[in-house]
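Working notes, structure below.
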Amino acid sequence: MAEGMDSYISLADKLIKDNELRNKLYTDIDDVFYSVWKLPATIPDWVHKVVSTDGHDAIMTATRVMATLFPEFKVLPMATNQANRKRANDIEAALRWNFYNATRRNQGSTHWDVIHSAFRYAEVVAQVIYLPYQEKVLEAMGKSTARIKAARRYGDLAFVIHHPSNVYTLWSDYGPEKVLLVRTQTADEFKLSWGKLADTVIDTKKDGKDIWVTSYDLTTFDE
């Protein structure tokens with residue numbers, strides 16, 4: 001077990017190291033979006049700093065324009081006969097219904113988040129959660145399923161849009177082979193996410209301040 005865990009830790013370290021330049025780019029993009037910029041140390045004090053908001057304004061304008069258009073879902077039928085065309089249409093309707101209802105579940109719009117990430121980072125990283133399966137997972141973890149049951153009033157799918165710098169993917173010719181999700185949360189949020197698996201995290205605050213926990217969630221086809 002220890003050897004297997006060591007291999008996963010080595011893989012996670014490698015994925016993070018290989019993407020250092022990518023994450024540096026995302027950090028620079030965030031700085032432009034939030035107008036974070038400091039004068040070089042060699043500039044005299046009498047120089048007045050004015051930071052342009054063009055980067056933020058361009059991204060938000062494009063997001064607002066495109067967010068007015070609800071996405072269309074297209075599923076190609078497996079064959080040209082009437083039965084397969086009808087099944088493809090039914091799947092499209094189901095996807096449209098689930099996506100629309102999922103956008104009603106959160107305070108923000110999933111549709112907005114997808115478009116905003118596309119314009120801001122030229123990349124969208126979304127995690128699709130099938131709630132009936134998640135309900136079984138929570139039961140196995142010893143957690144209450146009340147929240148999941150309430151969430152299912154808006155359909156069986158939930159969409160989580162991650163910051164692309166938190167997701168590391170190992171690709172092959174066949175597609176993504178391994179995906180690492182790194183999340184930094186308060187200890188309280190960590191316990192809500194992981195249930196009994198987070199029992200080793202005892203304290204949630206120290207000196208009146210939140211304790212932060214970083215989790216590494218690796219998904220592979222190996223096991």
Side-chain angles (χ1 to χ4, degrees), residues 4-37 55-56 59-60 62-63 66-67 71 99 102-103 105-131 133-134 137-138 141 143 147-148 151 157-172 174-195 197-198 200-201 204 209-223:
M5 185 60 68
D6 288 341
S7 67
Y8 291 140
I9 293 174
S10 297
L11 173 61
D13 288 340
K14 183 178 187 306
L15 288 172
I16 293 173
K17 184 174 180 58
D18 289 346
N19 285 276
E20 286 180 351
L21 290 178
R22 182 205 67 172
N23 284 359
K24 174 61 168 61
L25 172 62
Y26 290 147
T27 299
D28 292 342
I29 290 174
D30 287 340
D31 287 345
V32 171
F33 183 78
Y34 291 113
S35 301
V36 177
W37 185 77
H56 173 276
I59 292 172
M60 291 304 297
T63 302
M66 295 302 297
F99 188 83
T103 63
R105 184 182 292 114
N106 301 323
Q107 182 178 4
S109 168
T110 302
H111 178 42
W112 174 284
D113 292 341
V114 168
I115 293 174
H116 182 78
S117 182
F119 278 116
R120 186 162 161 182
Y121 305 110
E123 184 174 1
V124 179
V125 181
Q127 181 180 10
V128 182
I129 300 174
Y130 183 54
L131 295 178
Y133 175 77
Q134 187 69 12
V137 171
L138 292 179
M141 293 169 62
K143 293 181 62 177
R147 293 170 60 199
I148 296 295
L157 299 179
F159 300 88
V160 181
I161 311 301
H162 293 290
H163 194 293
S165 67
N166 293 336
V167 180
Y168 305 83
T169 306
L170 182 64
W171 297 86
S172 74
Y174 303 107
E177 296 287 343
K178 306 176 190 295
V179 179
L180 173 68
L181 171 62
V182 180
R183 300 182 68 186
T184 300
Q185 304 167 287
T186 65
D188 286 326
E189 293 171 338
F190 181 74
K191 287 187 172 184
L192 287 174
S193 298
W194 292 96
L197 296 177
T200 54
V201 180
T204 60
K209 298 181 180 180
D210 288 328
I211 293 177
W212 292 84
V213 178
T214 299
S215 62
Y216 299 80
D217 188 355
L218 180 65
T219 301
T220 77
F221 284 118
D222 297 334
E223 298 180 3

For this session: Please name the pair of heavy atoms, one in Ala158 and one in Leu131, separated by the smallest distance, quoted to 0.1 Å.
Result: CB-CD2, 4.1 Å
For this session: Go through the steps to decide whether Glu189 and Val213 satisfy the test side-chain contact (heavy atoms from CB on, under 4.5 Å), and finish with yes or no.
Result: CA-CA 9 Å; Glu189 293 171 338; Val213 178; over 6 Å; no
Exercise. Atom CG of Asp28 and atom CH2 of Trp37: how far apart are they, to the nearest 0.5 Å?
Worked result: 14.0 Å
Exercise. Of the non-hydrogen atoms in Leu181 and Gln127, which two are nearest, and what is the gap between them?
Worked result: CD2-OE1, 4.1 Å
Exercise. Pick one: which of Asn19, Asp18, Asn23 meets side chain to side chain donor-acceptor pair (under 3.5 Å) with Tyr168?
Worked result: Asn23
For this session: Assign the ring pair His163 / Tyr121 to parallel, tilted or perpendicular, where the plane angle (0 to 90°) is split at 30° and 60°.
Result: tilted
For this session: Verify, without hydrogens or angle tests, whether Ser117 (side chain) and Glu123 (backbone) share a donor-acceptor contact under 3.5 angstrom.
Result: yes
Problem set entry | From Thr186 atom OG1 to Ile211 atom CD1, the distance as rounded to the nearest 0.5 Å | 10.0 Å
Exercise. Can you tell me how far the CG atom of Leu15 sits from the OH atom of Tyr216, to the nearest 0.5 Å?
Worked result: 12.0 Å
For this session: Evaluate the criterion side-chain contact (heavy atoms from CB on, under 4.5 Å) for residue pair Val125 and Asn166; output intermediate values, then yes/no.
Result: CA-CA 9 Å; Val125 181; Asn166 293 336; over 6 Å; no
Problem set entry | Atom of Gln134, atom of Ile148 and distance for their closest heavy-atom approach | CG-CD1, 4.0 Å
Exercise. So His56 and Phe33, would you call those rings parallel, tilted or perpendicular, with 30° and 60° as cut-offs?
Worked result: tilted
Exercise. When you look at Asp13 and Ile9, which way does the side-chain contact (heavy atoms from CB on, under 4.5 Å) test go after all the steps?
Worked result: CA-CA 6 Å; Asp13 288 340; Ile9 293 174; 3.8 Å; yes
For this session: Quick one: pull up CZ in Arg22 and CG in Leu25 and give me the separation to the nearest 0.5 Å.
Result: 9.5 Å
Problem set entry | Value rounded to 0.5 Å, distance of OG1 in Thr214 from CZ in Arg183 | 11.5 Å
Exercise. Is there side-chain contact between Trp112 and Thr63, with heavy atoms separated by less than 4.5 Å?
Worked result: yes
Exercise. Donor-acceptor pair, Ser109 side chain versus His111 backbone, under 3.5 Å?
Worked result: yes
Seminar exercise, completed: Smallest heavy-atom separation, Arg120 atom then Ile29 atom, equals O-CG2, 3.2 Å
Exercise. Do you know the tightest heavy-atom contact between Val124 and Val114?
Worked result: CG2-O, 3.3 Å
Exercise. Which heavy atom in Ile161 sits nearest to a heavy atom in Asp113, and how many Å separate them?
Worked result: CG1-CB, 3.7 Å
